[in-house]
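Throughout, protein chains are lettered first and strands after them, A, B, ... in sequence-line order, and every chain is numbered starting at 1. Small disclaimer: the values here were computed from a predicted structure and weren't measured.
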Amino acid sequence: MTALRERLQKVNPLWWQLGLLVLAILFPLPLGDYHRSVLWRTGLYIILGLSLNIIVGYAGLFQLGHAAFYALGAYTTALLNIHFGVPILLTLPVAILVGAVFGYLITRPILHLRGDYLCIVTIAFGEVVRLALVNNIFGITGGANGLSGIERPVLFGLVLRQPIYHYYLVLFFLVFTIFAVRRLENSRLGRAWMYIREDEVAAEAMGIDTVRVKLLAFIIGSGWAALAGSLYAAKITVVSPDQAKFLESVIMFCIVVLGGTGSIPGVFVGTLGMVTLPELSRALKDWRDAWLGLAMVTMMIARPEGLWPSRRIRMEIRAAKEEASVAPAAGN
Amino acid sequence: MALLELRGLTKQFGGLVAVDHVDFDVNEGEILGLIGPNGAGKTTIFNMITGIYPPTEGEIFFRGERIAHPSLTWKERLATPLWWVSWLPVSAIKKRWDGMRTLRPHEITERGIARTFQTIRLFKNLTVLENVMAGLHHRTRAGVWGAIARPPSQQQEEAYIVAEAEKYLAFMGLSDYRDELAKNLPYGHQRRLEIARALAAEPSLLILDEPAAGLNEQETLELMDTIRQIRDSGITILLIEHDMKVVMGICERIVVLDYGKKIAEGTPEEVQNNPRVIEAYLGEEEV
Amino acid sequence: KKEPETIKIGLEVPLTGDYAYEGQGMEKAVRLLVEQVNEQGGLLGRQVELIVEDDAGDPTQAALVAQRLVDAGVVAVIGAYNSTATEPASEIYNEAGILHITPSSTATRLTQKGFQRFFRVCFLDDRQGLFAAKFMKEVLGAQNIAILHDNSTYAQGLAEHTKRYAEEMGLNVVFFDAINPDDTDFTPILTNIASAAPDAVYFTGYHPQGGLLLKQSGELGLDLQWVMGNACNNPELIQIAGLENAVGTYVTTEPLPKDLDYPEAKEYVAAFEAKYGEPVASVWWLMAAEAFNVIRYAIEQTESTDPAVLAEFLHNEAKDIPGLTGPILGWDEKGDRLGTIHVAYVIDENGNFILNPEQPSP
Amino acid sequence: MQFLQQLVNGITIGAFYALVALGYTMVYGVLKLINFAHGDLFMWGAYLGLTGLTVALAALGYTTPWAILPVVIFVMTSVALMGVLVERIAYRPLRSAGRLAPVISALGVAFILESLARNVYGASWKTYPQGLTPSGGLVLAGGVRVSLMQIIVLVASFLLMAGLYLFVHRTRVGTAMRAVSLDHDVSRLMGVDVDRIIMIVFLIGPGLGGVAGLIVALYYGSFDFTLGWIFGLKAFIAAILGGIGNIPGAMLGGMLLGIIETLGAGYMSPQWKDVIAYIILILILIFRPTGLLGERVAEKL
Amino acid sequence: MALLEIENLHTYYGYVHALKGINLTVEEGEIVTLIGANGAGKTTTLRTISGLIRPREGRIVFDGQEIQGMPAHKIVQMGICHAPEGRQIFSTLTVMENLNMGAYTLGGDKETIEENRRRVFDLFPRLEERKNQLGGTLSGGEQQMLTIGRALMSRPRLLMLDEPSLGLAPLLVKTIFEIIKEINQRGVTILLVEQNARAALKIAHRGYVLETGRVVLSGPAQELLQDERVRKAYLGER
Ligand SMILES: Nc1ncnc2c1ncn2[C@@H]1O[C@H](COP(=O)(O)OP(=O)(O)OP(=O)(O)O)[C@@H](O)[C@H]1O
Ligand SMILES: Nc1ncnc2c1ncn2[C@@H]1O[C@H](COP(=O)(O)OP(=O)(O)OP(=O)(O)O)[C@@H](O)[C@H]1O
Ligand SMILES: [Mg+2]
Ligand SMILES: [Mg+2]
C-alpha cells in the first residue's frame with residue numbers, strides 16, 4: 001500500500017494532470033445530453049468558484065454578491081450580441097473587462113470596511129445590480145424577463161449548439177483558469193493576499209499596499225466571474241436577473257467554503273456538492289433543499305476546514321481543533 | 001539634519017492628550033531610547049511615526065521629508081482644489097497631492113521605517129520563512145502578469161526573496177524554525193521573528209516597541225547584543241523599553257516622557273540622575 | 001403478451017422556488033387528467049406516463065430539465081410556467097422536435113421564433129389588456145385610471161398593453177408603476193395612488209399581493225375602485241384581503257370553470273375538488289390541465305404520437321375543441337391561441353366571484 | 001400630509017425590521033456569527049402562530065383577541081427551543097472552526113428550515129383567522145391615520161428594545177454576555193459558564209424573532225414561506241446599518257430602513273425603493289464603517 | 001494537606017507535548033514561583049490548572065478535590081483565580097466593566113465588590129483615571145494593571161499570576177511585587193510565573209524551575225537564588 005503510494009507520488013505531476021485532462025475530455029462522450037449539460041454546468045460553477053476563491057480564499061474578503069458580476073458578464077454578451085451583432089466569442093474579452101471595471105468601481109469605496117460590514121455591502125451591491133436589471137435600467141436589460149435571442153457561438157464555422165460543444169468550451173477556459181490561479185497563488189501577489197488575510201495592520205506595516213492588493217483580488221475575481229457569465233449566455237441564450245440572485249451568490253460562497261477556502265481541488269469538490277449532486281438528485285423533489293442544507297451542516301461539522309482544504313488551512317485548523325479538543329468538553 | 005525629527009507632536013484621544021507637543025530628533029546611526037511611565041504616550045508616538053494614525057498637531061520629518069502631519073478635515077479638503085482632482089491619474093497632480101495628504105503605513109515603510117509591535121503581531125498561521133518574506137514585499141515588483149506568465153525575471157525575483165529572507169532568519173538565529181508556523185514558536189522566538197521581519201524590509205530606521213518584554217534575563221542579554229549588531233550594520237534604532245538594563249546598556253541617548261510631555265533628554269547617566277525621571281519613572285533605588 | 005409502450009408526456013413546472021405554489025397546483029391539475037385517461041384505457045390503447053420535472057422558474061434549470069425530458073423520450077411537453085424558463089427550454093424542445101405547449105407563458109416573443117411545434121393555451125396579454133381598458137371605460141365610466149403591476153413578466157406585459165389601449169381610447173393613465181412582489185407592505189404606494197385620485201385602479205399582478213393591496217387600502221380608508229387581472233382570480237384573494245375590503249372589486253378573467261356551461265369543465269372542477277379537497281385555485285392550474293387536454297385531443301384525433309403530425313393538426317385542423325376554458329377556436333400559424341373569452345367578475349357581499357351583469361361591448 | 005402618512009407607514013415597517021434585527025444583533029453580538037437562520041426562525045414563528053391560533057380558536061369555539069396571548073407564549077417558547085437546538089447541533093461544534101464554517105452551517109440551517117416549512121405547510125399563501133386584531137385607529141390632524149395595531153407594534157418593539165438594552169448593559173449576565181463575545185477563555189477564567197450564556201442568547205434572539213413573526217403575520221394577515229428570507233435580509237441590513245451588536249442600533253437601523261424605503265417608494269418609485277435603501281446603506285457604511293451607532297472598536301497597536 | 005497538588009501532569013497541544021509529567025505542590029499560604037526559559041511550559045501549567053486545557057494524563061488536586069477535566073468556570077468558582085499572560089482584557093468593555101467581570105463569581109455582593117474595587121483603584125490610581133475608557137485603548141502597561149486588578153476583584157484562595165510585571169515601568173514593577181506580598185499576607189496563596197526570576201524568587205517561599213515541560217529543579221526560593229545553574233541560566237549572570 002505505502003509502496004504503491006510512494007510509486008504514485010514519484011510519477012511526474014505533469015502526467016497526472018494530462019491524465020485528468022484526457023479523462024475530462026473523454027468522460028462526457030458516452031453520456032446523454034442531460035448529463036453533458038450537467039457537466040457543463042459543473043465546469044461553469046468551478047470557474048465561478050475559482051474566481052470567488054481569489055477574493056474569499058486568498059484575500060480573505062467576504063464577498064456575498066459575486067453573482068452580480070456573473071450576471072454582468074452575461075448581460076454584456078447578450079447586449080453586444082443582440083444589439084450590435086458581435087459574435088459571442090468576441091464578447092468574452094469585453095465581458096471580462098466590464099466585470100473587472102465594475103469590480104473596481106464597486107469595491108474601491110468600500111475596501112476599508114472590515115469583515116462582516118464588507119460582506120453586507122457586497123450583498124447590497126449584488127441586490128442593487130439585480131434590481132437594476134429587473135427594473136430595466138436605461139431600458140436595455142429587458143426587465144424581469146431578461147434578454148433573449150442570443151446567437152450561438154461560432155468557432156471556425158462550427159455552430160456550437162449541442163451541450164457537448166459548450167462543455168468543451170467551458171473546459172478550455174477551466175483549464176486556463178486553473179493554470180492562472182495556481183500561478184497567482186504561488187506568487188508575490190498571492191503571498192500579499194495571505195498576509196492581509198492574516199493580519200492587515202501587520203501587512204501594512206510591512207509595506208504592503210493593502211488597498212491595491214485587495215482591489216486586485218476583486219478586479220481579477222470579478223472579471224473572471226463575468227467570463228463565466230458570458231459562457232452561460234452562450235449556451236442558455238437567455239439571460240435574466242435571476243442570475244444575480246442572492247441565492248446564486250450564496251451557492252458560490254458555499255462552493256468555496258465547503259470545499260475548503262483557498263483550495264483549488266476544494267472548489268471542485270464544493271461544486272460537486274453544491275451544484276452537481278443536487279442537480280442529479282432530482283428524485284428528492286421537494287426535499288432537495290432540506291437535504292442540501294443538512295449536508296452543508298454535517299459537512300461543516302465533520303470537516304470545518306472544508307472537504308479538500310489547502311495544505312495550509314489543514315495545518316491551521318488541525319492545530320486549532322486539537323487545541324479545542326483538549327479543552328473541557330462543552331456543557332458538562 | 002537628523003534622520004527623524006519630531007516637531008510639536010501632539011495626539012489627542014477625545015479629551016485625553018496622550019502626546020503633548022513633543023520634540024526630539026533621532027540621529028543617523030544612533031540607538032535612541034524612549035522611556036516613561038505606563039501610558040506616557042510612547043507607543044502613540046510610534047504609531048504616529050509609522051502612519052497608523054495622524055497627529056492632532058505637529059509634524060514628523062524623515063530625511064527632511066514630511067511624513068506625518070494632521071490630516072485635512074473635510075472642510076479643508078473641500079476647500080483644496082487639488083483634492084478635487086487628486087483621483088486623476090496624472091503624475092504631477094499625484095506628486096503634489098502626496099505632499100499634502102497623510103501617508104499610509106505602507107508608504108512609510110517604503111521610505112525606510114520598519115517596526116515591531118508592543119503586542120506581537122506576527123502572521124500566526126504562516127510559516128516563519130513566509131513571515132520574513134513579507135518584509136521583502138515592497139522591495140520587489142512582480143504583479144499579476146508576472147505571476148501568471150512567470151518570465152525569468154520573476155523567477156529570479158522569487159529566488160531572491162527566499163534567499164534574502166533566509167539571510168535575515170539566519171541573522172536572528174531562527175533558521176531551524178524556517179518551516180514552523182509562527183504561532184508555534186515560543187514567545188522569545190516570536191519576538192526575534194518580528195525583528196527579522198522588520199529587518200527584511202531593509203529599513204534605515206528600525207523602531208522597536210518593548211522588544212525585551214517577556215524575555216528572561218539571559219535572553220535579554222542576547223537581544224542586547226543583537227540590537228547592537230543591527231546598529232553596527234548601519235541601521236538607526238529607536239526603542240521603547242521598560243527594562244532599564246537594556247535601555248541603559250545600549251542606548252546612546254534617552255528621551256523621557258511623562259503624561260505625554262517630554263521631561264528629560266540626554267545620555268543614560270544624565271537621565272538616570274535626573275530627579276524628575278527618578279520620581280516619575282525609576283523610583284528611588286536603582287533596579 | 002407485451003404491454004404496449006406508454007406515451008410519455010412531460011410536465012415542466014416550478015415545484016420549488018418562488019413560484020412553487022403555482023407549479024405544485026399545475027402538477028395536481030394535470031395528474032388528475034392523466035389518471036382519468038389511464039382509467040379509461042389510455043390513449044390509442046396505450047397508457048400515458050407523466051414525467052414531471054422541476055425547473056424552479058429558473059432558466060438554467062429549465063434548460064437542464066428540458067434536456068432530461070428529451071433524454072427520457074417524451075412526445076410532448078407542457079410548460080414552463082414563466083416565460084423566462086420557457087424560452088431556453090423551447091429551444092431545446094424545438095431542436096429535439098417535441099410538441100411544446102405552454103399553459104401560462106404569455107411573453108409575445110416566444111411565438112415569434114418560428115418554432116413549428118410550439119403552442120400556447122393561454123391568451124396573449126394584449127387581449128386582456130384591451131378588455132380591461134374597455135371595461136373600465138364603458139362599464140365603470142372611468143376617465144382617469146391607475147395601473148399597477150408587480151414587475152413579473154406577465155403582469156408587466158399586461159399592464160403595458162392595458163396602458164396602450166387605454167390611451168388609444170382616450171383615457172388618462174394618471175399613475176403607472178410597479179410594486180415589488182417580495183414586499184408585504186404596500187401602504188406607501190397606496191398612499192401615492194390615492195393622491196393621484198384615479199377613477200379606477202387596475203392591478204395586473206398575482207393574488208397574494210392583490211389581497212394585501214385590497215386589505216391595506218381598506219385599512220388606510222382609501223376610496224379606490226379596484227379592478228384586477230386574471231392572476232387575481234382566486235378565492236384566496238378574499239381571504240387575504242378580508243371580505244369587507246374585497247367587496248366590489250372587479251376581476252377581468254377567462255370565465256371561471258363554474259360558469260362554463262360545458263360538461264367537461266364542470267366535471268373537471270368537481271373531480272379536482274373531490275380528489276384534492278381544494279378548489280382549482282389558480283387560472284394557471286386550469287390552463288395546465290387544458291394543455292394536456294389539447295394534447296389528448298390531438299392524439300385521439302390523429303391517432304398518432306408523432307409530434308410533427310400533432311403540430312400539423314393543431315395548426316391547421318383543430319377547431320372548436322371542447323376545452324376546459326371554453327371552446328378552443330384554434331391556433332394561428334405562430335402557435336398563439338385564437339379568440340378571446342375575457343369577462344368581468346365582481347366580488348359580492350358573500351365573498352363569491354359573480355359574473356358582473358354589465359359587460360363591455362365585444 | 002402625504003408625507004406624514006408615509007412616515008407613519010415607514011415607522012411601522014421599521015418597527016418590524018427592528019424586531020427581527022434585535023435577534024440578529026443579539027446573536028452576532030455574542031458569537032460574531034451572522035445567524036442566517038434567524039429569518040427562517042422568524043418565519044417559523046408565523047407558521048407556528050397560525051397553527052397555535054387555529055388550535056386555540058377551535059378549542060374555544062369562538063373568535064377573541066385573547067386567544068393570541070397563549071399563542072404568543074407558545075410561539076416564543078417553541079421558537080426559542082428551536083433556536084437553542086440549532087445552536088447545539090449546528091453552531092456549537094464549530095465554535096473553534098474559524099469564521100467561515102459557521103456561516104455555511106447557518107446557511108444550511110436556513111435551507112432546512114425553509115424547506116421544512118414549505119413541505120409541512122405547503123407553498124401556498126397562508127392567511128390568519130380574521131377578526132383577531134383590534135381594528136380601531138386614530139385619525140390625526142390632516143387625515144393621517146394611525147391604526148391601533150401600528151401603535152401596539154411600535155410600543156411593543158420599543159419596550160423590547162429598552163428591556164434588552166437594560167438587560168445587556170445593566171445586569172451581571174448581560175455584562176457576561178459581552179465578555180463572552182470578546183473572549184471565551186478569559187470569560188471562563190472569570191467564572192462564566194460560556195455555554196450557558198450562549199444558550200441564553202439563543203433563547204432570547206430566536207424567541208423574539210418568533211414573536212416578531214407572529215406579530216407580522218397578524219398585522220398583514222397573510223404570508224408564505226419566502227417571508228423569512230426577505231424579512232431576514234432586510235432586518236440583517238437594518239442591524240448592520242445601526243451597527244451590529246448594538247441594541248439601540250438595531251432599533252435605529254430598522255426604523256431608518258423602514259422610513260427610507262417608504263419615502264423612497266412614496267416619492268420616487270416603489271420599484272427602486274430597495275435600490276435606494278441599499279445605496280443609502282452603502283453610503284452610510286462608507287462614511288461610518290461600523291454603522292450609525294457603531295460597534296465599539298478598540299484595537300491598540 | 002497541600003492546597004494544590006499536581007501529579008505527573010501531561011498536556012499536549014496537538015502533537016506538541018508541552019508538559020511532560022509535572023509534579024508540584026502549593027501549600028496553603030505560600031508564594032510559589034515557576035521560572036524557566038521561554039516555552040518551558042509555565043503558562044501551559046497554569047492553563048491546565050485552571051481548566052482551559054484538559055491534561056491527557058495526571059491529577060490535579062485542589063483542596064482535596066480532583067479538578068482535572070472540570071470545566072474552567074467551575075474551577076474558578078472553587079476559588080482559583082488565574083490572571084492570564086499577555087494582557088487579555090476585554091477590549092470593548094470599559095475599565096469598570098472589566099473589573100466587574102473579575103468579580104463575577106461574587107454574584108450580587110455589592111459591598112464586597114465595591115470594597116475590592118476601592119482597593120484596586122488605590123493600588124493603581126491610573127485605572128481610576130481611566131475607568132470609563134475602553135480596555136482595548138489602554139496603553140500596554142495600563143492593560144497589564146487592569147489584568148492584575150481584575151484578578152484582585154474576586155476573593156480567590158489561590159491566585160495564579162502569569163508574568164504580572166510584563167511591560168510595567170520599573171517603579172510599578174516594584175509596586176507589583178509589594179502588592180503580591182501584601183495579598184499573600186492577607187491569606188491568599190499565590191502561584192507566580194515570572195520572567196523576572198530574581199524579583200520573583202526574592203518574594204517567593206519556594207520555587208520550581210521548568211525546562212521543556214519538566215521540573216528540573218525545585219526548592220526554597222533562597223536556595224534557588226544561590227543555585228549556580230539558576231544564576232547562569234535565568235539571572236543573566238555570566
Ligand atoms: N485609541 C485610544 N483611545 C483612547 N485613549 C488612548 C488610545 N490609545 C492610547 N490611549 C491612551 O493614551 C495614553 C498613552 O498610551 P500609549 O500606548 O502611548 O502609552 P505607552 O507610553 O506606550 O505606555 P506603556 O508603556 O504602558 O505601553 C494612555 O493613557 C492610553 O490609555
Ligand atoms: N497554542 C499552542 N499551540 C501549539 N503549541 C503551543 C501552543 N501554546 C504553547 N505551545 C507550545 O507549548 C510549549 C510551552 O509553552 P508555554 O506557553 O507554556 O511556555 P512558557 O513557559 O509560558 O513560555 P513564555 O515564557 O514564552 O510565556 C512551547 O513549546 C510552545 O511552543
Ligand atoms: Mg506602549
Ligand atoms: Mg508564558
Who among [options] has the most heavy-atom pairs with chain B under 4.5 Å?
options	result
A/Arg188, A/Met206, A/Glu185	A/Arg188
A/Thr210, A/Leu189, A/Ile208	A/Ile208
A/Asn186, A/Asp209, A/Leu184, A/Ile220	A/Asp209

Residue part contacting chain A, namely of [X], when any heavy atom lies under 4.5 Å:
X	answer
B/Arg197	both
B/Ile161	side chain
B/Glu194	neither
B/Gln154	side chain

Are the ring centres of A/Phe253 and A/His66 closer than 6.0 Å? no

Heavy-atom pairs under 4.5 Å with chain A, option from B/Ala201, B/Gly135, B/Ala134 with the top count: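 Going by pairs under 4.5 Å, I would pick B/Ala134.
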
Between B/Glu110, B/Lys124, B/Met133, which has the largest tally of heavy atom pairs under 4.5 Å with chain A?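 The candidate making the most pairs under 4.5 Å is B/Met133.
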
Testing the basics here: between A/Asp199 and B/Phe123, what is the closest heavy-atom pair and its distance to 0.1 Å?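 Reported closest heavy-atom pair: O-CE2, 3.5 Å.
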
Evaluate the ring planes of B/Tyr53 and B/Phe13, with Trp represented by its six-membered ring, and classify them as parallel (under 30°), tilted (30 to 60°) or perpendicular (over 60°).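 Correct class here is perpendicular.
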
Under a 3.5 Å threshold, yes or no: a donor from one side chain and an acceptor from the other, between [X] and [Y]?
X	Y	result
B/Thr236	B/Glu28	no
B/Asp209	B/Thr116	no
B/Glu130	B/Thr127	yes

With a 4.5 angstrom heavy-atom cut-off, could you sort out which part of A/Val211 is near chain B: side chain, backbone, both or neither?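 Its backbone and side chain both get close to chain B.
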
Answer yes or no for A/Arg191 and A/Tyr195: cation-pi contact, defined as NZ/CZ to six-membered ring centre under 6.0 Å and angle to ring axis within 45°. no

